[in-house]
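The shown structure was predicted, so the numbers you read here are calculated from the model rather than taken from an experiment. Just follow the structure's listing: the first ligand is 1, and inside any ligand the first atom is 1.
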Amino acid sequence: MFITLEGGEGAGKTTQARHLADHLRASGHDVLLTREPGGAPGAERVRALLLDPACTWSLPAETLLHFAARAEHVECAIRPALAAGRIVVCDRFADSTMAYQGHAQGGDRAAIAMLTAMIGLRPALTLVLDLDAAAVPARLAARGTAADRYERLGATFFARVRDGFRAIAAADPARCVLIDAGLPEAEVAARIRATVVSRLPA
Ligand code: TMP
C-alpha cells in the first residue's frame with residue numbers, strides 16, 4: 001500500500017509520517033518511510049538544489065527538477081518496496097507539485113498532470129494535513145531552524161498552497177482525506193491512524 005502525507009509548511013507532515021510509520025511497524029507491518037523531494041541518493045542531491053535559498057529557478061525548471069527527483073525516487077525506492085510487499089509512507093508526493101508549482105506559483109497544471117501520469121504511480125491513500133495559513137509563521141518560527149527557499153515565501157503564498165491542496169482533495173475524495181492539522185499532535189495522529197487502519201486490506 002502506497003500512502004502519502006501532503007500539506008503546506010508547518011502542518012506537521014514529517015512528525016505525523018513518523019508516528020504513522022511507528023504505529024504500522026508496531027502492528028507488524030514492514031514499512032518504508034520516505035520523503036520528497038528526496039528519498040533516493042540522486043533525488044536528495046536535487047532536493048538540496050531546490051531548497052537552497054541561494055539558487056533561483058525558473059518555474060518550468062523547478063517543476064521538472066521535482067519530477068526528476070520523483071522519477072528517481074519512484075524507480076529506486078518506492079516501486080521496489082511495494083514489489084516486496086512493504087507499506088510505503090511518503091512525506092509529500094505529486095500533489096505537492098500541483099499545489100506549489102501549479103496552484104500557488106501559477107504553473108501549467110495540465111503539464112503537471114501529464115508528468116504525474118508519466119510517473120505512473122498513484123497513492124492508494126493521501127492524507128492532506130490542512131492548516132490555516134495564519135498559523136504557519138508561528139509554527140515555522142518555533143522550529144528555530146533557518147528558513148529554506150519555500151519557507152521564505154510568506155503568508156499569501158502559504159494561503160495559495162493551502163487552497164491548492166483543498167482543491168486537489170475535493171476533486172479526488174476517493175483517494176484524499178482532509179485532516180485538521182490545527183488539532184493537538186496526538187489527536188491528528190489518532191485520526192490518521194484510524195483512517196489508515198480502515199483502508200488497510202484485511
Ligand atoms: P518539506 O519542507 O516538506 O521537506 O518539503 C520541502 C519543500 O519543497 C516544501 O517547501 C514544499 C516544496 N515542494 C514543492 O514545491 N514541490 C514539490 O513537488 C515537493 C515534493 C515539495
Side-chain angles (χ1 to χ4, degrees), residues 2-21 33-40 42-74 77-78 88-109 111-119 121-123 126-131 133 135-137 139-165 167-168 176 179 181 188:
F2 180 34
I3 302 169
T4 58
L5 282 93
E6 296 278 10
E9 309 301 318
K13 286 177 314 331
T14 306
T15 305
Q16 293 298 340
R18 207 172 45 237
H19 285 319
L20 176 60
L33 173 60
T34 186
R35 69 166 179 187
E36 291 209 342
E44 288 289 336
R45 295 183 73 169
V46 176
R47 176 188 177 93
L49 294 174
L50 281 162
L51 300 193
D52 185 350
C55 287
T56 55
W57 295 108
S58 67
L59 184 52
E62 178 175 347
T63 304
L64 290 169
L65 282 171
H66 278 293
F67 273 102
R70 181 160 304 129
E72 186 69 5
H73 183 209
V74 165
I78 300 179
V88 176
V89 175
C90 191
D91 179 353
R92 295 194 184 281
F93 194 61
D95 295 319
S96 279
T97 316
M98 188 58 92
Y100 280 78
Q101 282 68 52
H103 288 266
Q105 291 176 257
D108 182 341
R109 291 188 219 164
I112 292 170
M114 196 193 71
L115 289 163
T116 301
M118 194 193 84
I119 293 287
L121 183 64
R122 225 174 101 82
T126 297
L127 301 146
V128 179
L129 272 60
D130 183 50
L131 183 67
V136 174
R139 287 214 182 180
L140 293 181
R143 278 185 194 166
T145 52
D148 67 34
R149 203 165 59 79
Y150 292 98
E151 289 167 353
R152 292 175 178 215
L153 291 172
T156 311
F157 182 79
F158 298 152
R160 286 206 295 265
V161 168
R162 183 195 192 194
D163 291 345
F165 277 122
I168 291 164
C176 299
I179 305 271
V188 174

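Less than 4.0 angstrom separates some heavy atom of Glu9 from each of these atoms of ligand 1: 9 (C), 10 (O), 11 (C). Close approach to Leu51 involves these atoms of ligand 1, each under 4.0 Å from a residue heavy atom: 6 (C), 7 (C), 8 (O). If you number the atoms of ligand 1 from 1 as listed, the ones under 4.0 Å from a heavy atom of Thr97 come out as 17 (C), 18 (O).
At a threshold of 4.0 Å, the pair Arg152-Glu9 does not count as salt-bridged, since none of the basic side-chain nitrogens sits closer than that to a carboxylate oxygen.
Closest protein heavy atom to atom 15 (O) of ligand 1: Gln101 NE2, 2.9 Å. Distance from atom 13 (N) of ligand 1 to its nearest protein heavy atom, with residue and atom name: His66 CE1, 3.5 Å. Of the protein's heavy atoms, Arg47 NH2, 2.8 Å lies nearest to atom 4 (O) of ligand 1.
Between Glu62 and Trp57 the shortest heavy-atom distance is CB-CB, 3.9 Å. Pairing each heavy atom of Gly164 with each of His103, the nearest pair is CA-CG, 3.5 Å.
Checking side-chain atoms of Arg47 against main-chain N and O of Pro37 turns up a donor-acceptor pair under 3.5 Å.
Inclusion of Arg70 in the set of residues having an N or O under 3.5 Å from an N or O of ligand 1 is warranted. Geometrically, ligand 1 and Arg92 share a nitrogen or oxygen pair separated by less than 3.5 Å. In terms of N/O distances under 3.5 Å, ligand 1 is not approached by Glu62.
For the salt bridge (Lys or Arg N to Asp or Glu O under 4.0 Å) test, no residue two or more places apart in sequence or in another chain qualifies with Glu6.
Annotation: cation-pi pair Arg70/Phe67 present, NZ/CZ under 6.0 Å from the ring centroid and within 45° of its normal.
Shown are Leu127, Val88, Thr126; of these, the side chain to side chain contact (heavy atoms under 4.5 Å, CB included) with Ile3 is made only by Leu127.
In Arg35, neither the side chain nor the backbone holds a heavy atom less than 4.0 Å from any atom of ligand 1.
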